[in-house]
Amino acid sequence: MKAILLALVSLVMLSGCATIVGSETQSVRIDSRPQGASVVIQDETGRAVAQGRTPFTVTLAKSDGSYFGKKRFRVMLEAPGYVPQTLGLEGQANLWYSVGNIPLLGVPGWLVVDPYNGGMYTLKPESLLVTLNPVGARGG
């Protein structure tokens, strides 16, 4: 009886597969053609969280720590003589969260553990390669 109880408690304590396997942050590579463009990354509140020049690799949080609090980012690139571009990055539930909790009966991981941790998300796209268009250029 004690062994069964211990096994059940272990299953509940270990559920949250995405939290165990994943991480709270993710590296995202940002590059441009031409290289050397200025990059500013803002979170969903409009706060600048990173800046640099392409090619640029940044480590971003995937969750804000609230219940199902996935992060969203705005990536802004600009270079003299080129049209500025703005792209989005957004957390999406990953495979570890979607199916990784099934062997552990799911519910604690899906609804209690993983929703507070960024490990359940993957920022998409995982890398950006942006072609900047010259000012005044016509599309073909």
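Given the structure is predicted, the values throughout are model-derived calculations rather than measurements.
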### Query
V40: which other cluster members, linking ILVMFWY side chains closer than 4.5 Å, directly or transitively?
M76
### Message
Quick check: is Y82 connected to V130 through a chain of hydrophobic side chains (ILVMFWY, heavy atoms under 4.5 Å apart)?
### Response
yes
### Query
Looking at CD of Q26 and OG1 of T59, how far apart are the two atoms once the value is rounded to the nearest 0.5 Å?
9.5 Å
### Message
Could you check whether any side-chain heavy atom of P55 comes within less than 4.5 Å of a side-chain heavy atom of Q35, counting everything from C-beta outward?
### Response
yes
### Task
Would you mind reporting whether S32 and F56 have side-chain heavy atoms less than 4.5 Å apart?
no
### Query
Hey, quick one: are I41 and L132 part of the same hydrophobic cluster, counting side-chain heavy atoms closer than 4.5 Å, chains of contacts allowed?
yes
### Task
List for me each residue that meets side-chain hydrogen bond (donor to acceptor under 3.5 Å, both in side chains) alongside Q92, sequence neighbours excluded, and say none if there are none.
none
### Message
Can you list everything that forms a salt bridge (charged side-chain N to carboxylate O under 4.0 Å, His left out) with R72? Sequence neighbours excluded, please.
### Response
E90
### Message
Would L129 and I30 count as a side-chain contact (heavy atoms from CB on, under 4.5 Å) here? Give the steps.
### Response
CA-CA 6 Å; L129 175 57; I30 302 166; over 6 Å; no
### Task
Compare every heavy atom of S27 with every heavy atom of T57, then report the nearest pair and how far apart it is.
CG2-CB, 4.1 Å
### Query
Does any N or O in the side chain of T54 come within less than 3.5 Å of the main-chain N or O of A37, such that one atom is a donor and the other an acceptor?
yes
### Query
Between V49 and F73, does a side-chain contact (heavy atoms from CB on, under 4.5 Å) hold up when you go through it step by step?
CA-CA 9 Å; V49 295; F73 298 95; 4.0 Å; yes
### Query
What pair of heavy atoms forms the shortest contact from A61 to L123, and how long is it?
O-CD1, 4.3 Å
### Full working for side-chain contact (heavy atoms from CB on, under 4.5 Å) between L89 and V75
CA-CA 7 Å; L89 291 172; V75 180; 3.8 Å; yes
### Task
Check the surroundings of atom CD in E78: do more than 12 heavy atoms from other residues, nucleotides or ligands lie under 6.0 Å from it?
no
### Query
Between E44 and K70, is there a donor-acceptor pair closer than 3.5 Å when you use the side chain of the first and the backbone of the second?
no
### Message
Within this structure, what is the CG-OG1 distance for the pair L77 and T86, rounded to the nearest 0.5 Å?
### Response
8.0 Å
### Query
So, does K71 use its side chain to make a donor-acceptor pair with the main chain of S63 at under 3.5 Å?
no
